[in-house]
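In what follows, a single structure is set out as structure tokens and then discussed.
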There are 2 protein chains.
Amino acid sequence: MKNEPAVPPYHIASVDHALRLLLLLKTKPSIRVAEAADELDVARSTAHRLLAMLVYRGFAAQNPTTRAYHPGPVLIEVGMGALSKLDVRRKARPYLERLVATTGETASLQILEGNHVRFVDSVESANAVRVASRAGVSLPAHASSGGKVLLAGMSLEAVQRLYPHEKLEQVTEATNTDRSTLFEELAEARALGYSVNHGESEPGLVAVGVPLPDRTGIPVASLTIAGPTARMGPEGVNRAVEALREAAKELSESLYR
Amino acid sequence: MKNEPAVPPYHIASVDHALRLLLLLKTKPSIRVAEAADELDVARSTAHRLLAMLVYRGFAAQNPTTRAYHPGPVLIEVGMGALSKLDVRRKARPYLERLVATTGETASLQILEGNHVRFVDSVESANAVRVASRAGVSLPAHASSGGKVLLAGMSLEAVQRLYPHEKLEQVTEATNTDRSTLFEELAEARALGYSVNHGESEPGLVAVGVPLPDRTGIPVASLTIAGPTARMGPEGVNRAVEALREAAKELSESLYR
DNA sequence: CGGCTCATTCTTCATGGCGGAATCATAGCC
DNA sequence: GGCTATGATTCCGCCATGAAGAATGAGCCG
């Protein structure tokens, strides 16, 4: 479970209501005034005005027959726009394809979101037995190789803020659940320049990740190669590390031209 | 060209500022406090608090180095979801065309949105009497064959969350309105691998749906064939089931390359 | 170290956003 | 057609909130 973000010092209740409505529309494609009022714990007149604002700016649309509200085109547009502006995603695609061609395993690109990583793109291996695309999926950073290399590029203070408790979330039996052990793993990842995930996110899966730093040297994304245990022994891991290092170097250079 | 929407009678300025900020994040990869203040024509302290609210609810994230704000995980998630839909739609189109050619009835692709299904794409039958395209339309999942096969692929807990009440929405006289009966129907759909809708969404319409699973086996979309009662007797239904099964198998394999 | 620029925090107060009442719209029943 | 029930929408008065501006903080540069 992701950490609860800190409540801003000067909280704007009406804006918060509106954003929570957007979050509701994301999960419930149809919502009525009374329902919105219940969920937000506001008066129906308040809910009605908030929904009218979402409709006005295109974030919601009202079905004239049922009077229910649905996500509007602008919400999708903003999301698509946010994704298309992710420079790293667009430029990384050819490198993911190349990594798959070179190593025969599934290649992915991840970005850090709090103490999780999100797979923003994936190209699958052609092998019948392979790691499937996880594009869109979010995983705890400490339980993934792509996450660990991103955490390794941060200061100790920053990592402590993301992981305020000693106990970490367990994903599989192989997941490390001690923060102090995580710090050691991050130190190792920093030294090696890559990290390996031996079944920490899923049994039978081995993944290797390297960071993609920005101009300041701080990683903003990571590249990973993942395969089944049978093909990802020491030789497979080494081959993945080589291919990832080369791809990351060239991609980093192309990202900041 | 879309008309400018009417300004709501009770305009909420603070909510409007926040929504306009989201719109800015659609076109600019990142934005700074002063820039936001200029664009919204508010004080920098106001812009700062608005951005803090977007960060709080995940719509924006702040780069600790540059202090600029960029789209947050919620917007990335919305974008990934929309992109995923587009991808499935593009790949499914030839199969829908083939299904129409094979069965002579209208074929459609649906995705689950909460406890509704949305018709993402449709190819209409060439027969004069036919089920029209419902692309863009949203229907209760429990009242559609495409919806039922999607619900059948979910855990009981997940279905209970989507349907918290025993009473279900009635669409036609044929619609089942009991949740416990829905659970039985889902068990049947799970066993058969398909579901049939006899006039539950519209009188005179019969539809057959099969799931399109992703790599994890969980269905993310469904294919349906729909026709008028006169042509969709037991023989028509069986023909549809065969054609759908074949199409779904091939399409599933192609979706995740 | 001082100056500059932008970000962030704090304080005060005017008004914007709230809830509740009143009214409207629609569906269902007789 | 009239009535009732339910949910949506509009209106109004009030006060707590969200605004701006001042003060402070942070980082960079010469």
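First the proteins, then the strands, lettered A, B, ... as listed; each starts at 1.
- Between B:Phe183 and B:Leu156 there is a side-chain heavy-atom pair separated by less than 4.5 Å.
- Here the CG-CG distance, from A:Asn115 to A:Leu139, works out to 11.5 Å after rounding to the nearest 0.5 Å.
- For residues 6-24 of chain A, the set of pairs meeting the salt bridge (charged side-chain N to carboxylate O under 4.0 Å, His left out) definition, not counting sequence neighbours, comprises A:Asp16-B:Arg57.
- To the nearest 0.5 angstrom, A:Ile31 atom CD1 is 7.0 Å from A:Leu51 atom CG.
- Phosphate proximity of D:dA19 to B:His17: present, with a side-chain N or O under 4.0 Å from OP1 or OP2.
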Using a cut-off of 4.0 Å between protein heavy atoms and nucleotide atoms, how would you tag nucleotides 21-30 of chain D 5' to 3' with B, S and -?
B----S----
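- For the pair A:Asn63 CG and C:dA25 C1', the interatomic distance rounds to 15 Å; values are reported in whole Å.
- Look at NE2 on B:His48: it is 17 Å from P on C:dT11, rounded to the nearest Å.
- At the phosphate of C:dC6, neither OP1 nor OP2 sits under 4.0 Å from any side-chain N or O atom of B:Tyr69.
- When the side-chain nitrogen and oxygen atoms of A:Tyr10 are compared with OP1 and OP2 of C:dC10, one or more of them lie within a distance under 4.0 Å.
- The 5' end of DNA chain C is approached more closely, in terms of each residue's nearest nucleotide, by A:Pro9 than by the other of A:Ser14 and A:Pro9.
- When heavy atoms are screened at a 4.0 angstrom cut-off, A:Val42 is found touching the sugar-phosphate backbone but no base atom.
- In this structure, B:Asp16 atom CG and D:dG18 atom P are separated by 15 Å, rounded to whole Å.
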Given B:Ser108 and B:Ser122, is the side-chain hydrogen bond (donor to acceptor under 3.5 Å, both in side chains) satisfied, shown in steps?
CA-CA 4 Å; B:Ser108 304; B:Ser122 261; 2.6 Å; yes
Walk me through whether A:Gln110 and A:Ser144 qualify under side-chain hydrogen bond (donor to acceptor under 3.5 Å, both in side chains).
CA-CA 10 Å; A:Gln110 296 85 37; A:Ser144 68; over 6 Å; no
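- Remark: P of C:dT8 and CD of B:Glu35 are 14 Å apart, rounded to the nearest angstrom.
- Per the geometry, CG belonging to B:Asp38 stands 15 Å off P belonging to C:dT5, to the nearest Å.
- Counting non-hydrogen atoms under 4.0 angstrom, A:Gln62 reaches the backbone sugars and phosphates but no base.
- As rounded to whole Å, 14 Å separates atom P of C:dT9 from atom CE of B:Met53.
- At the heavy-atom level, B:Ala52 lies nowhere under 4.0 Å from the strands shown.
- Within the model, atoms NE2 of B:His142 and CD of B:Glu200 stand 8.5 Å from one another, a figure rounded to the nearest 0.5 Å.
- At a non-hydrogen distance threshold of 4.0 Å, nothing from residues 25-34 of chain B comes into contact with DNA chain D.
- Ionic pairing of A:Asp178 and A:Lys167 is not present here: no N-O contact between side-chain nitrogen and carboxylate oxygen is shorter than 4.0 angstrom.
- One interatomic measurement links the two molecules: CG of A:Leu40 to C1' of C:dG17, which rounds to 14 Å at whole-angstrom precision.
- Summarising the geometry, atom CG belonging to B:Leu54 is positioned 11.5 Å from atom CD belonging to B:Gln62; distances are rounded to the nearest 0.5 Å.
- Under the 3.5 Å distance criterion, with hydrogens and angles disregarded, a donor-acceptor pair is assigned to the side chains of A:Ser14 and B:Ser14.
- Atom CD1 of B:Ile12 and atom C1' of D:dT9 are 14 Å apart (whole Å).
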